[in-house]
S.K.: 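Sharing a structure here in structure tokens format.
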Amino acid sequence: MSDPERLDPSRGIIARYATRLRELRVEGGLTRAEVADRVFLSYSAIAKFESGERFPTEDVAQELDEVLGAGGSLFDLWDDVQDSPDARWAKRRFDYESRTVKFRHYTDFIPALLQTDDYLTALLKAELSATGGDLEEKVRYRQRRRALIEGPEPPEFCALITESALQWRIGDCRIMRGQLTHLLAATDKPHIHLRIVTFDRVPPSGGLMRLGRTTIMTLRSGQSIVYRPGIIRGTYISQPPEVAEYESLYDSLQACALSHEESTALIRRVIEEKYRA
């Protein structure tokens with residue numbers, strides 16, 4: 001049985017793993033049937049892995065790495081592209097967040113730690129075709145992360161959100177109205193500080209573009225770490241001079257943002273004008 005055409009990596013994140021899996025098999029001179037026999041799966045299972053139609057479980061991903069002689073690189077890619085609470089990158093992120101006493105967060109969408117169940121479920125569902133994984137597991141993972149700022153002794157959470165986050169509709173009007181109402185309620189809590197960066201307040205230096213989506217986490221130890229998400233994997237920055245640059249950019253954007261009162265007024269206006277019941 002001949003192999004179908006090579007998968008286009010641009011079709012999604014999972015396609016990167018699928019493409020590399022096929023490349024390693026072909027480079028090793030193995031057929032799909034031979035690989036299937038060695039990992040005790042069917043030919044169709046391997047075909048679906050290579051087409052991006054299915055994503056292997058952790059134990060299968062480890063076996064495929066060994067059978068294809070990838071030396072751990074294929075399994076690392078599997079871990080990078082899977083959007084699951086069991087992924088090493090997810091565990092690492094939760095570990096840092098659980099040790100954080102102050103968050104400084106800049107984003108152009110609703111911060112993950114402030115998302116309602118309806119909003120995060122709609123968002124994850126929309127991304128599922130590209131990221132794969134189990135929707136319920138992803139929702140539970142994000143609920144667990146959110147609980148970090150909802151406990152009896154929560155960390156300080158500061159967020160700069162661009163105006164576009166209020167306008168970008170996830171789900172229907174009911175979901176957006178509930179999400180923005182939740183943001184308003186969150187701003188009443190003493191440990192949460194939310195400011196909006198409007199379209200007309202972007203600093204002329206281009207700081208908004210330079211900062212990108214960024215989270216600065218100050219840990220209990222006093223160390224500050226910068227996290228920047230990426231298409232495949234996020235980047236952690238811990239060198240003090242580089243961290244200081246991001247802190248300076250954050251402070252510059254904060255100086256341009258609306259005040260607390262102006263931010264809450266804008267959120268209320270968007271709810272009334274765009275997501276009215």
S.K.: Output yes when R268 and E273 qualify as a salt bridge under the 4.0 Å nitrogen-oxygen rule, no when they do not.
M.R.: no
S.K.: Do Y227 and E97 come close enough that some side-chain heavy atom pair is under 4.5 Å?
M.R.: no
S.K.: Main chain of L114, side chain of Q179: is a donor-acceptor contact present, judged purely on distance under 3.5 Å?
M.R.: yes
S.K.: Nearest 0.5 Å, what's the CD-CZ distance between E27 and R22?
M.R.: 11.0 Å
S.K.: Can you tell if the side chain of L64 reaches within under 4.5 Å of the side chain of F49, non-hydrogen atoms only?
M.R.: yes
S.K.: Contact between L148 and S98 at the side-chain level, heavy atoms closer than 4.5 Å - yes or no?
M.R.: yes
S.K.: Taking all non-hydrogen atoms of both residues into account, name the closest pair between I170 and A122 and its distance.
M.R.: CG2-CB, 3.7 Å
S.K.: Hey, what do you get for CD (Q254) to OH (Y250), rounding to the nearest 0.5 Å?
M.R.: 5.0 Å
S.K.: Aromatic rings F55 and W78: how do their planes relate, parallel, tilted or perpendicular, breaks at 30° and 60°?
M.R.: parallel
S.K.: For the backbone of S259 and the side chain of E262, can you confirm whether one donor and one acceptor N or O come within less than 3.5 Å of each other?
M.R.: yes
S.K.: Taking everything shown except K189 itself, do over 12 heavy atoms lie less than 6.0 Å from its NZ?
M.R.: yes
S.K.: Does T214 use its side chain to pair, donor to acceptor, with the backbone of Y106 at less than 3.5 Å?
M.R.: no
S.K.: Flag yes if more than 12 heavy atoms outside R169 fall under 6.0 Å of its CZ atom; otherwise flag no.
M.R.: yes
S.K.: With the threshold set at 4.0 Å, does a side-chain nitrogen-carboxylate oxygen contact exist between K138 and D134?
M.R.: no
S.K.: Just by distance, do the side chain of R195 and the backbone of L160 share a donor-acceptor pair under 3.5 Å?
M.R.: no
S.K.: Show me the donor-acceptor pairs, under 3.5 Å and distance only, between side chains in residues 35-42 and residues at least two apart or in other chains.
M.R.:
| residue | atom | partner | partner atom | Å |
| --- | --- | --- | --- | --- |
| S42 | OG | S44 | OG | 3.0 |
| S42 | OG | A45 | N | 3.1 |

S.K.: Could you please spell out the steps behind the side-chain contact (heavy atoms from CB on, under 4.5 Å) verdict for V101 and L219?
M.R.: CA-CA 6 Å; V101 295; L219 308 183; over 6 Å; no
S.K.: Hey, which of R25, E23, R20 is the one that makes side-chain contact (heavy atoms from CB on, under 4.5 Å) with E50?
M.R.: R25
S.K.: Could you check, using the six-membered ring where one of them is a Trp, whether Y96 and Y236 have ring centers closer than 6.0 angstrom?
M.R.: yes
S.K.: Give the minimum heavy-atom separation between I196 and S263, together with the two atoms involved.
M.R.: N-OG, 3.0 Å
S.K.: Mind checking side chain to side chain contact (heavy atoms under 4.5 Å, CB included) for T187 and listing every partner two or more places apart, or none if nothing turns up?
M.R.: L194, H260, T264
S.K.: Let me confirm one number: the CG-CD distance from L74 to E66, rounded to the nearest 0.5 Å.
M.R.: 11.0 Å
S.K.: Taking S248 for its side chain and A244 for its backbone only, find out whether a donor-acceptor pair lies under 3.5 Å.
M.R.: no
S.K.: Report yes if the side chains of Q115 and L123 come closer than 4.5 Å at any heavy-atom pair, otherwise no.
M.R.: yes
S.K.: Could you tell me whether the side chain of V139 reaches within less than 4.5 Å of the side chain of L124, counting heavy atoms only?
M.R.: yes
S.K.: Would you mind checking if E272 and R269 are paired as a salt bridge, meaning a charged N to carboxylate O distance below 4.0 Å?
M.R.: no
S.K.: Cation-pi between R145 and F94: NZ/CZ under 6.0 Å from ring centre and within 45° of the ring axis?
M.R.: no
S.K.: Ignoring hydrogens and angles, state whether a donor on the side chain of H105 or T215 is under 3.5 Å from an acceptor on the partner side chain.
M.R.: yes
S.K.: Side chains of L253 and L249: closer than 4.5 Å at any heavy-atom pair?
M.R.: no
S.K.: Distance-only, no hydrogens or angles: does the T121 side chain make a donor-acceptor pair with backbone N or O of D118 under 3.5 Å?
M.R.: no
S.K.: For the residue pair A61 and P56, what are the closest heavy atoms and their distance?
M.R.: N-CB, 4.2 Å
S.K.: Within a strict 4.5 Å, meaning less than it, do heavy atoms of the P111 and F103 side chains meet?
M.R.: no
S.K.: Can you tell me how far apart CD (Q167) and OG1 (T162) are? Round to the nearest 0.5 Å.
M.R.: 10.0 Å
S.K.: Under 3.5 Å, is there a donor-acceptor pair between the side chain of R104 and the main chain of I216?
M.R.: no
S.K.: Can you name the closest pair of heavy atoms from L68 and L21 and give their distance?
M.R.: CD1-CD1, 3.4 Å
S.K.: Taking all non-hydrogen atoms of both residues into account, name the closest pair between A165 and M176 and its distance.
M.R.: O-CE, 4.3 Å
S.K.: Check whether any side-chain heavy atom of I237 sits under 4.5 Å from a side-chain heavy atom of I225, and report yes or no.
M.R.: no
S.K.: Could you check T100 against T218 for side-chain contact (heavy atoms from CB on, under 4.5 Å), going step by step and ending with a plain yes or no?
M.R.: CA-CA 6 Å; T100 296; T218 301; 5.5 Å; no
S.K.: Show, in sequence, the C-alpha distance, side-chain angles and deciding distance for M217 and S224, and conclude whether the side-chain contact (heavy atoms from CB on, under 4.5 Å) test is met.
M.R.: CA-CA 5 Å; M217 295 174 280; S224 288; over 6 Å; no
S.K.: Mind telling me whether Y141 and W89 have parallel, tilted or perpendicular rings, with 30° and 60° as the class edges?
M.R.: perpendicular
S.K.: Of the non-hydrogen atoms in A159 and F157, which two are nearest, and what is the gap between them?
M.R.: CB-CE2, 3.8 Å
S.K.: Taking T107 for the side chain and F109 for the main chain, is one N or O donor matched with an acceptor at less than 3.5 Å?
M.R.: yes
S.K.: Set out, in order, the CA-CA distance, both residues' side-chain angles and the distance that settles salt bridge (charged side-chain N to carboxylate O under 4.0 Å, His left out) for D117 and R142, then state yes or no.
M.R.: CA-CA 9 Å; D117 286 349; R142 281 153 182 77; over 6 Å; no
S.K.: Are Y275 and W168 in one and the same hydrophobic cluster, where Ile, Leu, Val, Met, Phe, Trp and Tyr link if side-chain heavy atoms are under 4.5 Å apart?
M.R.: yes
S.K.: Can you list the steps and then say if I267 with L166 is a side-chain contact (heavy atoms from CB on, under 4.5 Å)?
M.R.: CA-CA 7 Å; I267 295 172; L166 310 180; 4.1 Å; yes
S.K.: Where the side chain of E156 meets the backbone of H191, is there a donor-acceptor pair that is under 3.5 Å apart?
M.R.: no
S.K.: Would you compute the distance between atom CD of E163 and atom CG of D108 and round it to the nearest 0.5 angstrom?
M.R.: 12.5 Å
S.K.: Calculate, to the nearest 0.5 Å, the distance between atoms CG and OH belonging to L180 and Y119 respectively.
M.R.: 8.5 Å
